[in-house]
Participant: 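Sharing a structure here in structure tokens format.
As the structure is a prediction and not an experimental result, all values here were calculated from the model.
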Amino acid sequence: MKRKFYITTAIDYVNASPHLGHALEKIQTDVIARYFRILKREVLFLTGTDENSLKNVQAAEKEGITPKELVDRNSQKFYQLKEILNLSFDDFIRTTELRHIKGAQKLWLACKKDIFKKTYRGLYCVGCEEYYKEEELANGLCPEHKRKPELVEEENYFFRLSKYQNQLIEIIEKEKIKIMPETRKNEILSFLYRGLEDICISRSQERAKGWGINVPDDPSQKIWVWFDALSNYINAVGYGTNLKKFKKWWPADIHVIGKGISRFHCVYWPAILISAKLPLPKSIFIHGYITVGGQKMSKSLGNIVDPFELVKKYGTDAVRYFLLREASPFEDIDFTIDKLEKRYNSDLAHGIGNLVLRIITLSQRLKIGALKKKVNHPRLNVEIKKTKKKWENSLKEFKFNESLMSIWELISFSDKFLQEKKPWENNDKKTVSDLLVVLAEISKMLEPFLPQTSEKIFKQIKNRKPEILFPKITS
């Protein structure tokens, strides 16, 4: 039996079309999923859309349509990222689906001993769908959305988060849930050490404008969107609907999320699971943002880049490459078209593209026979082994940029080796034959990152018909 590997992305709000920030997380998760499939694990890669948010209601009102019309239309756009980004997800969950509603309500009932009702007054950011304390605001604004929260007072249900403070500290300190990178783990611990307060987990039917999942046995209240959304990870694998499936897949091996929602996943989610007597996820991978001029790319800030347009112009693998190579996944990536085009020309057109074209053209001209199983030249052998080790070690730590860097070091070495040997001058079939094997190794290592390019290289090795992989961009 293959060992299971369950990986998830955060689910996205659908108040607007997807932007490049959404693409980043999906691509990173796709690389991990593809890598674990290469390791012969049975992978379940889940993504989806968060549809019960108040901001979806507000967006629908602005357009003069119903919330259902808005979420049906926009969730489809998020699903379409699968094709344009070449994503390999296995399941796509919508929080308006019956399987999700059943699971969210079952989870509420499983936590009932820790749920109580009280009147509350606080500052609420609709963008975050969260209450803030005065001291958590930046100049009176939400630190994430740069907007003034609204003052809300109503009677709601609360969850006894404070009860789990010491248990959560122990879980995170002892890495019963491994938080990556270490800096994010320390931030969460710092938040926990300051002390936890109980959290509001419902809103009135009136404020929710009738949209969302009903609190079990109290239709006057809707389940808070975060309590409902977090449950997608268990609902997709059968919680409340398919016990056999749930036992097979849960707990998740990795939740992949952005740094802005770490508190929900590293504090609230484990506490809810403990309360419901459910196993905890094994690890949480927290990535940086895509920024534009130092600001987070965000629909509310109006500085978004459309991934559909970007792929249309530069191609799927060029966009994937830039987002994976430009910076550490744990840091922010500052995006500009100029940076993308420079990286495209230097690494893709002149780098891998040029090397493949030269070697395939030479193999055609010199009529090289079938692909050998290994290279003969010792220098090339050493370089391949060194690269594979770096590639694998970096991938295990999810350092995608470093893993790609190691592949490009091999590309650069192979290019210099070709120049040094000059096989076109003396019909040196051995060198070209060796370099074909190097190309095959490069292609294998590229598979999780640039699956289309990997496939195209293998095809050219097989049919010996040279084709340009990445046409140079000229201004």
Participant: Pair up each side-chain donor or acceptor in residues 260-273 with any protein partner under 3.5 Å, not counting sequence neighbours, and list the distances.
Facilitator:
residue, atom, partner, partner atom, Å
S262, OG, K259, O, 3.2
R263, NH1, E136, OE2, 3.3
H265, ND1, I261, O, 3.1
H265, NE2, Y233, OH, 2.7
Y268, OH, E130, OE2, 3.1
W269, NE1, H255, NE2, 3.2

Participant: What pairs with K4 under salt bridge (charged side-chain N to carboxylate O under 4.0 Å, His left out), at least two apart in sequence or on another chain?
Facilitator: D253
Participant: Counting the benzene-type ring for Trp, do F45 and F5 have ring centres under 6.0 Å apart?
Facilitator: no
Participant: Main chain of P67, side chain of W211: is a donor-acceptor contact present, judged purely on distance under 3.5 Å?
Facilitator: no
Participant: Mind checking ring pair (Phe, Tyr, Trp, His ring centres under 6.0 Å) for F92 and listing every partner two or more places apart, or none if nothing turns up?
Facilitator: Y79, F89
Participant: Under the 3.5 angstrom rule, does the side chain of N52 hit a backbone N or O of I213 as a donor-acceptor pair?
Facilitator: no
Participant: Count the heavy atoms belonging to other residues, nucleotides or ligands that lie under 6.0 Å from NZ of K148, then report whether that count exceeds 12.
Facilitator: no
Participant: Can you tell me how far the CG atom of L70 sits from the NZ atom of K62, to the nearest 0.5 Å?
Facilitator: 11.5 Å
Participant: Are any of the side-chain nitrogens in E383 or K416 under 4.0 Å away from the carboxylate oxygens of its partner?
Facilitator: no
Participant: Which pair of heavy atoms, one from G258 and one from E25, lies closest together, and at what distance?
Facilitator: N-OE1, 3.3 Å
Participant: Within the 3.5 Å criterion, strictly below it, is a donor on N86 or T316 matched to an acceptor on the partner's side chain?
Facilitator: no
Participant: Heavy atoms, side chains only, cut-off 4.5 Å: are D415 and R358 in contact?
Facilitator: yes
Participant: Would you indicate whether R379, at its atom CZ, is surrounded by more than 12 heavy atoms from other residues, nucleotides or ligands within a distance under 6.0 Å?
Facilitator: yes
Participant: Hey, could you give me each pair passing ring-ring contact (aromatic ring centres under 6.0 Å, His included) that has a residue in residues 351-378? Not counting sequence neighbours.
Facilitator: H377-F417
Participant: Taking the side chain as everything from C-beta on, heavy atoms only, tell me whether F308 gets closer than 4.5 Å to L81.
Facilitator: yes
Participant: So which heavy atom on N15 is nearest to which on N56, and how close?
Facilitator: N-OD1, 3.0 Å
Participant: Roughly how far, to the nearest 0.5 Å, is CG of D317 from CG of L469?
Facilitator: 9.5 Å
Participant: Please round to the nearest 0.5 Å and tell me the distance separating atom OG1 of T431 and atom CG of L380.
Facilitator: 8.0 Å
Participant: Under 4.0 Å between a Lys/Arg side-chain N and an Asp/Glu carboxylate O for K422 and D428?
Facilitator: no
Participant: Mind checking salt bridge (charged side-chain N to carboxylate O under 4.0 Å, His left out) for K421 and listing every partner two or more places apart, or none if nothing turns up?
Facilitator: none
Participant: For E409, is there any backbone N or O sitting under 3.5 Å from a side-chain donor or acceptor partner on S412?
Facilitator: no
Participant: Considering residues at least two apart in sequence or located in another chain, which fulfil the side-chain hydrogen bond (donor to acceptor under 3.5 Å, both in side chains) criterion with E83?
Facilitator: none
Participant: If we check side chain to side chain contact (heavy atoms under 4.5 Å, CB included) with F449, which of these qualifies: V31, I27, D30?
Facilitator: V31
Participant: For atom NZ of K82, decide whether the heavy atoms of other residues, nucleotides or ligands shown that lie under 6.0 angstrom number more than 12.
Facilitator: yes
Participant: Using a strict 4.0 Å threshold on nitrogen-to-oxygen distance, state whether D228 and K222 make a salt bridge.
Facilitator: no
Participant: Taking C-beta and beyond as the side chain, do E402 and K390 meet within less than 4.5 Å on heavy atoms?
Facilitator: no
Participant: Do D306 and S17 come within less than 4.5 Å of each other through their side chains, counting heavy atoms only?
Facilitator: no
Participant: Look only at the side chain of S403 and the backbone of K399, and say whether a donor-acceptor pair between them is shorter than 3.5 Å.
Facilitator: no
Participant: Is the closest side-chain heavy-atom distance between K185 and E175 below 4.5 Å?
Facilitator: yes
Participant: Counting N and O atoms only, with roles assigned by atom type, does the side chain of Q364 sit under 3.5 Å from a partner on the main chain of P466, one being a donor and the other an acceptor?
Facilitator: no
Participant: Counting only heavy atoms not in K77, do more than 12 sit closer than 6.0 Å to its NZ atom?
Facilitator: yes
Participant: Side-chain contact test, heavy atoms from C-beta onward, threshold under 4.5 Å: evaluate it for E42 versus K248 and give yes or no.
Facilitator: yes
Participant: Measure the CG-OG1 distance between L446 and T453 for me, rounded to the nearest 0.5 Å.
Facilitator: 7.0 Å
Participant: Considering non-hydrogen atoms only, spot the tightest contact between F458 and A440 and give its length.
Facilitator: CZ-O, 3.8 Å
Participant: Supply the atom-to-atom distance E341 CD to T336 OG1, rounded to the nearest 0.5 angstrom.
Facilitator: 9.0 Å
Participant: Looking at every non-hydrogen atom in both residues, tell me the closest pair between S231 and H100 and how far apart they are.
Facilitator: OG-CE1, 3.4 Å
Participant: So, do F227 and L107 sit near enough that their side-chain heavy atoms are less than 4.5 Å apart?
Facilitator: yes
Participant: Do D434 and K430 meet the salt-bridge criterion of a basic N to acidic O distance under 4.0 Å?
Facilitator: no
Participant: Under the salt bridge (Lys or Arg N to Asp or Glu O under 4.0 Å) rule, what pairs show up with a residue in residues 454-474, not counting sequence neighbours?
Facilitator: none
Participant: Mind listing the closest non-hydrogen atom pair of K372 and S433 along with its distance?
Facilitator: CE-OG, 3.1 Å
Participant: More than 12 foreign heavy atoms under 6.0 Å from NZ of K386: is that the case here?
Facilitator: no
Participant: Under the rule for side-chain hydrogen bond (donor to acceptor under 3.5 Å, both in side chains), what residues qualify as partners of T29, not counting sequence neighbours?
Facilitator: none
Participant: Any side-chain to backbone donor/acceptor pair from W250 onto V237? Under 3.5 Å, distance only.
Facilitator: no
Participant: Say whether, by atom type as modelled, one donor and one acceptor occur between the side chain of D332 and the main chain of I290 under 3.5 angstrom.
Facilitator: no
Participant: Only counting residues at least two apart or in another chain, list the ones meeting salt bridge (charged side-chain N to carboxylate O under 4.0 Å, His left out) with K396.
Facilitator: E392
Participant: Output yes when a side-chain donor or acceptor of S283 lies under 3.5 Å from a complementary backbone atom of K178, and no otherwise.
Facilitator: no
Participant: Sort and list the pairs that fulfil side chain to side chain donor-acceptor pair (under 3.5 Å) and have at least one residue in residues 442-452, not counting sequence neighbours.
Facilitator: S443-S454
Participant: Identify the heavy atoms of I333 and E326 that sit nearest to each other, and give their distance.
Facilitator: CG2-CG, 3.9 Å
Participant: Applying the side chain to side chain contact (heavy atoms under 4.5 Å, CB included) test to T49, which of T96, V14, N232 qualifies?
Facilitator: V14
Participant: Against W424, only a single residue in V432, L366, T361, L418 fulfils side chain to side chain contact (heavy atoms under 4.5 Å, CB included); can you say which?
Facilitator: L418
Participant: Might you confirm whether atom CG of L39 has over 12 heavy atoms from other residues, nucleotides or ligands at distances under 6.0 Å?
Facilitator: yes
Participant: Can you list everything that forms a side-chain hydrogen bond (donor to acceptor under 3.5 Å, both in side chains) with D347? Sequence neighbours excluded, please.
Facilitator: Y321, R343
Participant: Check whether any side-chain heavy atom of I352 sits under 4.5 Å from a side-chain heavy atom of I457, and report yes or no.
Facilitator: yes
Participant: If you look only at pairs with a residue in residues 337-357, which of them pass as a ring-ring contact (aromatic ring centres under 6.0 Å, His included), with sequence neighbours excluded?
Facilitator: Y344-F470
Participant: Checking the side chain of R99 only, and the main-chain atoms of N235 only, is there a donor and an acceptor separated by less than 3.5 Å?
Facilitator: no
